[in-house]
Amino acid sequence: MGAGSVPEWVRGRAVCGAGQGHSVKMEKMRLRQGNRACVANPRELMAIVSKPFYITTPIYYVNARPHLGHAYSTIVCDAIARAKRSQGVPTWFLTGTDEHGQKIERSAALAGRTPAEFAAAISGEFRNLWQRLGLTPDDFIRTTEDRHKRGVQKLFRVLRDKGFIYKGRYTGQYCVSDELYVDAPAGSPCPDCGRPTETVSEENYFFKLSAFERPLLEYYEAHPEFIQPEARRNEVMAFVRGGLKDLSVSRTSFSWGIPVPDDEKHVVYVWMDALANYITALGYGSDAPEDKARFEKFWPASVHLVGKEIIRFHCVYWPAFLMAAGLPLPGAVVANGWLLFDKSKMSKSVGNIVRAETVHEVLGADALRYFLMREISFGHDGNFTFEALIQRYNGDLANGYGNLVSRVVNMVHKYFGGVVPEAGALGEPELALKKTAQETVAAYGPMFERYDFAGALGTLWTLVAAVDGYLTASAPWKKPADRAEEDHAALQRRVLATAGEAIRLITALVYPVLPEATAKVWRQLGQGEIEQAATSGQLTELAWGGLGAGTHFGEPAPLFPRAEKDAMERMQNLENENNLTAVAAVSTAAPAAEAAPAAAEVPAAPVAATPIEGIAQIGIEDFTKVELRVAQILVAERVPKADKLLRLEVDLGYEQRQICAGIAQYYEPEKLVGRKVVIVANLAPRKLRGLESNGMVLAASVGDQGAPVLAGFLEDVPNGARLK
Ligand code: MSP
């Protein structure tokens with residue numbers, strides 16, 4: 001197929017849909033033709049005829065330690081994977097780390113470590129955290145692994161051999177933070193993140209992305225489910241309709257990447273390298289039979305779950321690479337919104353992160369999973385606050401589900417020696433509860449399947465409340481004086497068997513979201529190990545009446561102890577302690593400067609007895625709102641037609657940013673490069689002469705004219721160190 005033509009498979013083959021590599025019809029035929037004798041039960045049949053399900057998270061950059069934003073997508077994928085596995089669907093869940101590129105190379109240099117060491121350390125943190133949170137990926141890929149390198153080089157070769165890659169020269173802007181080529185004049189900020197772009201002029205290989213404008217649009221039209229939610233689909237389609245230019249897919253000005261085959265002075269563009277993880281992890285590029293089989297079985301992916309800001313890479317570049325390589329396209333790219341903290345995207349560069357470890361340590365992994373999936377309307381941005389977390393935890397888990405289970409299990413022990421009684425004839429309240437439970441079972445699955453986790457859990461918790469209300473109304477613990485002993489015993493049997501059954505259904509449904517708690521409940525309900533139930537299909541057999549009379553309940557055990565007032569304080573303290581060391585540990589090789597005690601703990605400096613007129617005194621809490629940091633000037637240039645302004649690019653250790661400073665009449669730009677200054681790092685961005693300024697450089701104002709004299713240090717201080 002020549003470059004520029006519509007790839008053959010796009011016209012001829014229907015290749016979309018989850019796990020389309022396996023057609024149910026074909027499998028059924030195969031079964032009829034000979035495999036029938038092996039099929040023991042409907043679940044095995046299900047496992048054979050189901051389309052395999054392959055779900056991926058984005059692979060995380062290793063320039064920063066994991067935070068809740070990263071945990072969010074991984075937790076959502078984990079819950080989906082658990083749900084699929086429990087339906088008997090052959091499932092593969094992949095996550096990993098994105099370790100190459102200029103951004104990582106620079107972060108490593110700033111930390112005084114080699115990129116390989118640096119990447120290994122942070123990748124290890126991601127892997128450990130997922131383990132600690134009880135997540136169940138089937139594979140964790142690192143882009144520095146040989147298997148990945150081999151696959152990326154194969155993909156590059158295939159695209160080049162097919163005529164989709166040619167050599168050229170790229171001169172233009174590049175955003176290192178997003179690893180994005182930016183089509184804008186020099187000096188422009190990145191349209192995605194607003195950080196300064198750098199001018200790059202290098203010999204590069206180009207991918208003929210422009211040839212895929214029409215095939216991509218045709219594909220989006222024919223497969224409306226390919227990009228979800230709808231708003232993202234519209235965004236991507238508008239972008240492609242705006243015209244696609246060929247894409248530079250190699251870099252030559254640094255070396256931390258995968259060498260281009262047969263031309264090793266180039267490294268593969270980090271996004272081509274990263275996107276390929278979805279196939280290399282399955283075995284693309286390997287001749288080993290088990291790799292080939294895995295690739296055959298699971299490619300194309302059913303779902304790539306990604307953050308909304310990286311949708312273009314996944315919905316434009318990735319399908320174009322796949323089309324060019326003659327590989328089928330994934331079923332869907334589904335975008336999650338951002339987790340916000342203090343109203344902005346939680347991110348290391350903003351400095352507003354909360355770590356999953358903190359929530360895990362104080363409330364447990366299930367609390368975090370539940371909060372993220374219940375509180376955030378998937379696809380939209382959602383706020384994280386400790387207050388909301390504790391409210392959900394206490395309201396829904398401790399006082400809701402946890403308390404309900406404990407009441408019922410304790411009563412079955414108290415009144416029936418731990419053995420589930422015969423329900424007997426159901427009365428109106430039981431029939432009403434049964435109906436609500438059946439409706440909930442019917443509604444929950446489809447909501448979950450369409451990523452409406454908040455809706456699904458909301459519905460399920462309506463059932464929790466209904467069971468609670470039913471218990472309270474029937475009060476099996478209280479015998480009215482005018483009720484005969486026999487009648488009361490019958491009521492106790494009926495109520496506890498009914499409530500126990502409802503709890504069984506709730507527990508089976510919520511297992512993917514609360515795997516730890518439901519494991520305990522399953523044992524308390526005398527059902528054994530929930531992980532085993534999940535693999536044997538027990539969790540999807542949700543007809544009313546599965547909790548047989550005579551079942552022996554396990555011992556009651558606490559599920560979600562109520563979070564008291566100190567829980568929030570403990571989480572906040574853990575975060576504060578972490579923040580004090582984070583910058584130093586990740587970004588600089590000199591931790592001592594950052595590990596200094598917080599301002600509040602430092603003995604107060606003597607305060608002037610008489611405040612200067614016109615300047616109000618402030619408390620330490622006001623001062624600590626101002627984030628002062630050491631920054632090193634990387635670039636300084638005059639701003640055309642603005643004689644007072646200099647445009648600076650400064651390095652804060654953990655990020656670079658653009659600041660405009662009114663010092664042009666007093667400082668020669670070339671003399672400023674390399675100098676360390678003090679900046680106000682948390683000043684809201686503002687525009688000066690059309691340029692965004694992210695912070696303010698501090699200077700003493702000297703003499704009648706108020707000449708600026710830049711603040712600085714006599715000792716060497718690491719970039720990013722905070723002034724307190
Ligand atoms: N390495 C690329 C992805 C390559 S995939 C082939 C990357 N890495 S990242 O570490 O910056 O982001 C990884 C994912 O984490 C993205 O989907 C991003 O949206 C998500 N999140 C990072 N911070 C987040 C929030 N505050 N909230 C929700 N998700 C966020 O991009």
Side-chain angles (χ1 to χ4, degrees), residues 55-77 94-104 107 119 122-123 125-126 129-130 140-144 148 151-152 155 175-180 190 192-193 195 232 257 268-281 301 303-319 321-322 330 333-356 368 371-373 375-385 586 654-655:
I55 186 163
T56 64
T57 70
I59 49 170
Y60 303 102
Y61 281 133
V62 290
N63 66 314
R65 290 170 160 171
H67 58 69
L68 272 189
H70 306 122
Y72 178 46
S73 15
T74 322
I75 284 174
V76 169
C77 285
L94 174 72
T95 188
T97 42
D98 188 354
E99 305 187 9
H100 287 132
Q102 208 167 6
K103 166 170 161 144
I104 309 297
S107 300
I122 302 222
S123 175
E125 291 201 28
F126 275 93
L129 177 62
W130 302 155
F140 182 104
I141 186 152
R142 298 184 53 196
T143 55
T144 44
H148 178 70
V152 169
L155 179 66
C175 171
V176 177
S177 179
D178 287 348
E179 299 283 11
L180 174 73
C190 170
D192 282 4
C193 67
R195 293 185 179 91
R232 300 290 155 228
V268 176
Y269 171 42
V270 67
W271 268 101
M272 176 180 261
D273 166 342
L275 288 161
N277 91 88
Y278 302 132
I279 52 176
T280 61
V303 179
H304 292 316
L305 193 125
V306 304
K308 65 179 184 181
E309 81 284 15
I310 53 173
I311 199 92
R312 191 193 310 168
F313 300 99
H314 284 83
C315 299
V316 181
Y317 300 170
W318 183 225
F321 295 157
L322 290 168
V333 178
V334 178
N336 62 264
W338 288 336
L339 203 57
L340 312 177
F341 192 62
D342 291 339
K343 300 204 178 86
S344 4
K345 181 188 179 202
M346 194 179 281
S347 82
K348 195 188 82 166
S349 51
V350 179
N352 62 345
I353 62 161
V354 175
R355 297 161 320 130
L368 177 61
F371 176 81
L372 294 175
M373 297 191 73
E375 188 79 11
I376 293 163
S377 165
F378 186 82
H380 299 272
D381 293 351
N383 257 313
F384 177 87
T385 65
V586 177
Y654 53 90
E655 70 167 41

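Remember, it's 1-based here, ligands and their atoms both numbered in the order they're listed. What you see is a predicted model; the values in this text were computed from it and never measured.
Shortest non-hydrogen contact noted between Ser123 and Val62 is N-CG1, 3.8 Å.
Asn277 places a side-chain N or O within 3.5 Å of a backbone atom of Ala274 that can act as its donor or acceptor partner.
Between Tyr60 and Thr74, the side chains place a donor N or O and an acceptor N or O closer than 3.5 Å (distance only, hydrogens not considered). No side-chain N or O of Thr143 forms a donor-acceptor pair with one of Glu99 less than 3.5 Å apart.
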Filter the ligand 1-protein atom pairs down to N or O on both sides and distance under 3.5 Å, then list them.
residue: ligand 1; atom: 1 (N); partner: Ile59; partner atom: O; Å: 2.8
residue: ligand 1; atom: 1 (N); partner: Asp98; partner atom: OD2; Å: 2.6
residue: ligand 1; atom: 10 (O); partner: Tyr61; partner atom: N; Å: 3.1
residue: ligand 1; atom: 17 (O); partner: Gly307; partner atom: N; Å: 2.8
residue: ligand 1; atom: 19 (O); partner: Glu309; partner atom: OE1; Å: 3.0
residue: ligand 1; atom: 19 (O); partner: Glu309; partner atom: OE2; Å: 2.9
residue: ligand 1; atom: 26 (N); partner: Leu339; partner atom: O; Å: 3.1
residue: ligand 1; atom: 26 (N); partner: Met346; partner atom: N; Å: 3.3
residue: ligand 1; atom: 26 (N); partner: Met346; partner atom: O; Å: 2.9
residue: ligand 1; atom: 27 (N); partner: Leu339; partner atom: N; Å: 2.7
residue: ligand 1; atom: 29 (N); partner: Gly69; partner atom: O; Å: 3.4

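The CE atom of Met272 sits 5.5 Å away from atom CG of Leu155, with the distance rounded to the nearest 0.5 Å.
With His148 as the fixed residue, the side chain to side chain contact (heavy atoms under 4.5 Å, CB included) test singles out one of Ile59, Thr280, Ile279: Thr280.
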